[in-house]
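Below: the structure, in structure tokens.
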Amino acid sequence: MTDDPSIYDELGVPTVVNAAGTKTRLGGSRIRPEAADAMRAAAESFVRLSDLQARAGELITEVTGAEAGYVASGAAGALTLATAACIAGDDLDVMARLPDTEGVPSDVVMPRTHRTGYDHAIRAAGASIVDVGTNDRALGTGAVDVETWELAAAITDDTVAVAHVQTPDGRPALETIVAVAHDHGVPVVVDAAAQLPPAENLSAFVERGADLVAFSGGKAIRGPQSTGILAGRADLVESAALQHLDMHAAAPVWDPPAELVDLSRFDGVPRQGIGRGLKVGKEELVGLVRALERFVEEDHEALQADWRARATSVADALADVDGLTTAVEPGGKTAAPVAVVTVEAAAAGVDAVSFARQLRRDDPRVFVGSDRLDEGMFTVDPTCLTDEEAAYVVERVRSAIE
Ligand SMILES: *Cc1c(COP(=O)(O)O)cnc(C)c1O
């Protein structure tokens, strides 16, 4: 928040002070300066993208412990590629047909409680989602989300994968899903888009048996927002690569790096695949590599302490405002602590919803966390705020009430 005009001022687009956390619709996270510098440098020359993908794959392999790694256009893009790989395997004809899956096994089994808006990314490859189980855990009767027999019964000859969305309190445990899926010879795809930090989660899901895992490159890793990581089994990552790389290739001279594609496994040159629209440029690939290197070296305890201090300072600075009650709620295992502000409409003269709307009209706009507006609460997430911006949020909240 300097007084210098930003690029957004030049473009006439209002900037946002982001107290809502790493949200795609607000631009993800602040890209690491090292990653942004690397992107500028990457723009200066040409490389073969498959070579750069192979290099990124080497780093992903190193930090995740997976057999292979690849970069797509966000975790959502990685999920589409993962699904396409599970459907097509090394069959060039099926690759060419997707998303048309008529007559091709293409069911993806999921516990019903794992369904999210992001599973459109799975269906986009041509899969049909078969969801099983109930939401009975919410009844508090001891009933579980999905029984293992239900999961097993849902897996048929048409099943190509079981999908698992990783969340801190999600059920059943990944190990349970892996055991049932592997028993039936079916791979498990994990959506772990927002499960970083802790950095150990980069390898945790592979260690627990996942065959493919998707992470966002533009959330806590703080790489380019339009990147996502796919890590997992080499044969599946290879299939994903073939369905993503630009394939206007002349067959006699098509010579992708051996680490990425084992040519002996394929009968010829694939066509442009289902993933072609999920392009990742050389600048983004290089930016992600640098950001991922920095992420694994980062002092995550110090970062948590910073976030806690910033959330606490916001909560403290608003505690004396009439009509507001504040608290700092610990993040779960992966999330940052946030300042939770309860708005008592009668005393504050404004309810939480109009409050959040009003803050969005400021210049710069302030976006607070709005997941709990229905409880009369908004949240201030410290992860995407500088200390100066946190002070601005406090000032805007106070002046909206006083
Ligand atoms: C953010 C998120 C995604 C999408 O990630 P992108 O990198 O923006 O594509 C998918 N699934 C979950 C659970 C997420 O939180």
Side-chain angles (χ1 to χ4, degrees), residues 64 66 70 72-89 94 98-99 101 104-135 137 144-195 201 204-216 228-233 235-237 239-240 243-244 274-275 278:
T64 61
Y70 197 77
S73 57
L79 288 173
T80 303
L81 291 185
T83 311
C86 293
I87 296 172
V94 173
L98 294 185
T101 48
V104 177
S106 51
D107 285 351
V108 173
V109 171
M110 288 181 85
R112 187 160 284 131
T113 50
H114 288 222
R115 301 280 320 252
T116 73
Y118 290 112
D119 54 47
H120 205 145
I122 293 172
R123 289 185 286 119
S128 303
I129 292 177
V130 175
D131 56 14
V132 288
T134 64
N135 197 22
R137 185 155 59 104
V144 297
D145 291 0
V146 57
E147 299 283 355
T148 49
W149 61 260
E150 275 175 310
L151 206 51
I155 298 175
T156 68
D157 289 346
D158 286 328
T159 308
V160 295
V162 177
H164 172 95
V165 179
Q166 184 67 32
T167 49
D169 59 354
R171 301 281 194 286
L174 177 57
E175 287 80 354
T176 306
I177 295 205
V178 166
V180 177
H182 287 182
D183 204 31
H184 290 75
V186 171
V188 175
V189 175
V190 175
D191 176 353
Q195 298 306 304
N201 273 358
F205 311 118
V206 171
E207 274 162 19
R208 291 164 67 189
D211 297 274
L212 287 169
V213 186
F215 297 101
S216 281
I229 292 171
L230 183 63
R233 249 168 61 188
D235 61 321
L236 293 172
V237 170
S239 174
Q243 299 184 73
H244 180 259
I274 183 89
L278 309 172

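Residue numbers start at 1 and run along the sequence shown.
Without hydrogens or angle criteria, Ser239 side chain to Val237 main chain gives no donor-acceptor distance under 3.5 Å. At least one donor-acceptor pair closer than 3.5 Å links the side chain of Thr80 to the backbone N or O of Ala76. Of the possible donor and acceptor atoms, one in the side chain of His114 sits under 3.5 Å from a partner among the backbone N and O of Val165. Between the side chain of Thr101 and the backbone N or O of Gly126, at least one donor-acceptor pair lies under 3.5 Å. Not one N or O on the side chain of Thr176 forms a donor-acceptor pair closer than 3.5 Å with the backbone of Pro172. Using modelled atom types, one side-chain atom of Gln243 and one backbone atom of Ala84 make a donor-acceptor pair closer than 3.5 Å. Between the side chain of His244 and the backbone N or O of Leu278, at least one donor-acceptor pair lies under 3.5 Å.
Note on residues 150-166: no pairs pass salt bridge (charged side-chain N to carboxylate O under 4.0 Å, His left out), not counting sequence neighbours. Applying the salt bridge (charged side-chain N to carboxylate O under 4.0 Å, His left out) test to pairs two or more places apart or on separate chains, those with a residue in residues 114-133 are Arg112-Asp131, Arg115-Asp119, Arg115-Asp131. Note on residues 163-190: pairs passing salt bridge (charged side-chain N to carboxylate O under 4.0 Å, His left out), not counting sequence neighbours, are Glu175-Arg208.
Atom OH of Tyr70 is separated from atom CD1 of Ile229 by 13.5 Å, given to the nearest 0.5 angstrom.
Considering all non-hydrogen atoms of both residues, Val132 and Ala154 come closest at CG1-CB, 3.4 Å. Across every non-hydrogen atom of Val186 and Ala161, the tightest pair is CG1-CA, 3.3 Å. Closest non-hydrogen pair, Ala163 versus Met110, comes out as CB-CG, 3.6 Å.
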Quiz item: Run the side-chain contact (heavy atoms from CB on, under 4.5 Å) check on Val189 and Cys86 step by step: do they pass?
Solution: CA-CA 9 Å; Val189 175; Cys86 293; 3.9 Å; yes
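Applying side chain to side chain contact (heavy atoms under 4.5 Å, CB included) to Val188 and the options Leu212, Val180, Val213, Leu174 leaves one that passes, Leu174.
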